[in-house]
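Notes for the one structure printed next.
Here the structure is a predicted model, which means the values were calculated and not measured.
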Amino acid sequence: QVQLVESGGGLVQPGGSLRLSCVVSAAIASGYTMGWYRQAPGKQRELVATITRGGSTNYADSVKGRFAISRDNAKNTVYLQMNSLKPEDTAVYYCNAERKVPLSTITYRYWGQGTQVTVSS
């Protein structure tokens, strides 16, 4: 069974930092592109950052220079280090695992249950 379990969310003041963790099933830990998405109340879920199996990263413009995604394949864990947090970063953050089957339209995609991040004074 594929599982993604997030942790590390909470309440932080503007300018503060948090680190989110996502422990994933060994079956997908090294074979999938991992990502973090977020969804604020009344808004659509949006990409925050992704990291490929090889370590290439991609970030939303709104978090570039403030957030850093990393993965530790030995621990089956993906991290999101969030610095200089702003109130607009408040959202539920979801861990994502995705793999596209070459030469097909098939994509395997899994989600965690989400962890709340609230940035407020």
Side-chain angles (χ1 to χ4, degrees):
Q1 184 177 358
V2 176
Q3 287 188 317
L4 293 80
V5 181
E6 302 105 330
S7 62
L11 172 64
V12 63
Q13 292 187 342
S17 298
L18 281 176
R19 188 175 81 157
L20 305 183
S21 300
C22 174
V23 180
V24 306
S25 303
I28 66 171
S30 61
Y32 282 62
T33 292
M34 301 300 301
W36 288 95
Y37 289 70
R38 66 186 182 187
Q39 188 167 16
K43 294 187 177 181
Q44 289 188 331
R45 191 172 297 188
E46 63 177 4
L47 170 72
V48 176
T50 61
I51 184 167
T52 67
R53 291 176 293 173
S56 296
T57 58
N58 179 55
Y59 295 94
D61 288 342
S62 59
V63 306
K64 283 181 180 177
R66 299 189 299 123
F67 291 11
I69 188 170
S70 60
R71 63 193 294 168
D72 185 336
N73 290 332
K75 295 182 178 180
N76 297 341
T77 303
V78 179
Y79 304 97
L80 184 69
Q81 178 66 45
M82 304 186 294
N83 300 324
S84 302
L85 282 161
K86 305 175 180 179
E88 50 263 44
D89 295 319
T90 295
V92 177
Y93 283 70
Y94 295 91
C95 183
N96 164 271
E98 186 168 311
R99 182 173 72 88
K100 297 180 181 179
V101 178
L103 304 178
S104 80
T105 59
I106 299 172
T107 298
Y108 295 100
R109 183 179 291 116
Y110 303 96
W111 296 94
Q113 82 286 353
T115 184
Q116 177 70 47
V117 172
T118 302
V119 184
S120 175
S121 55

Report the C-alpha distance between Tyr93 and Met82 in whole Å, list the side-chain angles of each, state the deciding distance to 0.1 Å, and finish with yes or no for side-chain contact (heavy atoms from CB on, under 4.5 Å).
CA-CA 12 Å; Tyr93 283 70; Met82 304 186 294; 3.9 Å; yes

If we ignore hydrogens and angles and just use 3.5 Å, is the side chain of Thr90 paired with the main-chain N or O of Val119 as donor and acceptor? yes

- [ ] Look at the rings of Tyr110 and Tyr32 and say which category their plane angle falls in: under 30° parallel, 30 to 60° tilted, over 60° perpendicular.
- [x] tilted

Backbone of Gly114 reached by a side-chain donor or acceptor of Glu6 within 3.5 Å: yes

Exercise for review: Find out if a path of hydrophobic residues (ILVMFWY) with successive side-chain heavy-atom gaps under 4.5 Å connects Val12 to Val63.
Suggested key: yes

* Within a strict 4.5 Å, meaning less than it, do heavy atoms of the Thr33 and Ile51 side chains meet? -> no

Side chains of Arg99 and Thr107, heavy atoms from C-beta outward: is any pair under 4.5 Å? no

Item checked: Within 45° cone and under 6.0 Å: Arg19 NZ/CZ vs Tyr79 ring -> yes

* Just wondering, do Trp111 and Leu4 contact through their side chains at under 4.5 Å, heavy atoms? -> no

Check: Mind checking whether Arg53 and Asn73 have side chains closer than 4.5 Å, heavy atoms only?
Finding: no

Taken to the nearest 0.5 Å, the spacing of Asn58 CG from Leu47 CG works out to 6.0 Å

Distance col, row Tyr108:OH vs Lys100:NZ, nearest 0.5 angstrom, shows 14.5 Å

- Indicate yes or no: at least one non-hydrogen side-chain atom of Val24 is less than 4.5 angstrom from one of Met34. yes

Minimal heavy-atom distance between Leu18 and Leu85, with the atoms involved, is N-CD1, 3.9 Å

Exercise for review: For Ser17 and Asn83, test the side chains for any donor-to-acceptor distance below 3.5 angstrom and give the result as yes or no.
Suggested key: yes

Okay, side chain of Ser121, backbone of Gln13: is any donor-acceptor separation there less than 3.5 Å?
no

Within the 4.5 Å heavy-atom criterion, are Glu46 and Arg38 side-chain neighbours or not? yes

Margin query: Counting only heavy atoms not in Gln44 (residues, nucleotides, ligands), do more than 12 fall under 6.0 Å from its CD?
Written below: no

Taking every heavy atom of Ile69 against every heavy atom of Tyr59, the minimum-distance pair comes out as N-OH, 2.9 Å

Do Asp89 and Arg66 have side chains that get closer than 4.5 Å, going by heavy atoms? yes

Strictly under 6.0 Å, is that where the ring centroids of Trp36 and Phe67 end up? no

Between Gly9 and Val117, the two heavy atoms sitting closest are CA-CG2, 4.2 Å

Heavy-atom nearest pair, Thr77 first then Lys75, reads OG1-O, 2.8 Å

### Message
Any heavy-atom pair between the side chains of Ser120 and Pro87 that's under 4.5 Å?
### Response
no

- Message: Quick check with a 6.0 Å cut-off and a 45 degree axis cone: is Arg45 positioned over the face of Tyr37's six-membered ring?
- Response: no

